[in-house]
Amino acid sequence: DWRTSVSIPTFTTNLNSIVTQAQTLGGSCMLIGPFRSQVGVSGAPSYAVQQTYVDAIASVATARNCDFFDIAGLAGFATY
């Protein structure tokens, strides 16, 4: 969604809807932070903007009692 500039509130609402559907069906959820896109390639925004989406994912995971794993951040690839 960061390539198409979906607002963080809309992104968060959409993600919450997905989590609700999974949890309603009795599933557990794990949210995984995406690998970062190289800035400027195919319209990718700055790493700071990309991080706002990762932070939103982490916030939804915390609020909805889901596991969260930021593989790119843990691997040190968050900003290439």
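Values reported hereafter were calculated over all heavy atoms of this structure, with side chains retained and with hydrogens, waters and symmetry mates removed. Count residues from 1 along the sequence.
Atom CD1 in I57 sits 12.0 Å away from atom OG1 in T62 (nearest 0.5 Å). Taken to the nearest 0.5 Å, the CD atom of Q23 stands 9.0 Å off from the CG atom of N16. Atoms CD and CG, from Q21 and L25 in turn, are 7.5 Å apart once rounded to the nearest 0.5 Å.
Qualifying side-chain hydrogen bond (donor to acceptor under 3.5 Å, both in side chains) partners for T20, counting only residues two or more places apart in sequence or in other chains: R64. By the side chain to side chain contact (heavy atoms under 4.5 Å, CB included) test, A44 is found to be paired with R3, S37, Q50, residues two or more places apart in sequence or in another chain being considered. Every residue two or more places apart in sequence or in another chain that forms a side chain to side chain contact (heavy atoms under 4.5 Å, CB included) with A58 is listed here: F68. Contacts of S7 classified as side chain to side chain contact (heavy atoms under 4.5 Å, CB included), with partners at least two apart in sequence or in another chain: P9, T10. Judged as a ring-ring contact (aromatic ring centres under 6.0 Å, His included), and not counting sequence neighbours, the contacts of F11 are Y53. Annotation: side-chain hydrogen bond (donor to acceptor under 3.5 Å, both in side chains) contacts of N14 (sequence neighbours excluded): none. When the side chain to side chain contact (heavy atoms under 4.5 Å, CB included) test is applied to T13, no partner is found at least two apart in sequence or on another chain.
Both V49 and V60 are assigned to one and the same hydrophobic cluster, defined by single-linkage of ILVMFWY side chains at heavy-atom distances under 4.5 Å.
Within the structure, the disulfide (SG to SG under 2.5 Å) test picks out the following pairs touching residues 35-67 (sequence neighbours left out): C29-C66.
Side-chain atoms of V19 and L31, non-hydrogen and from C-beta on, do get closer than 4.5 Å to each other.
The minimum heavy-atom distance between T12 and A56, with the atom names listed, is OG1-CB, 3.7 Å.
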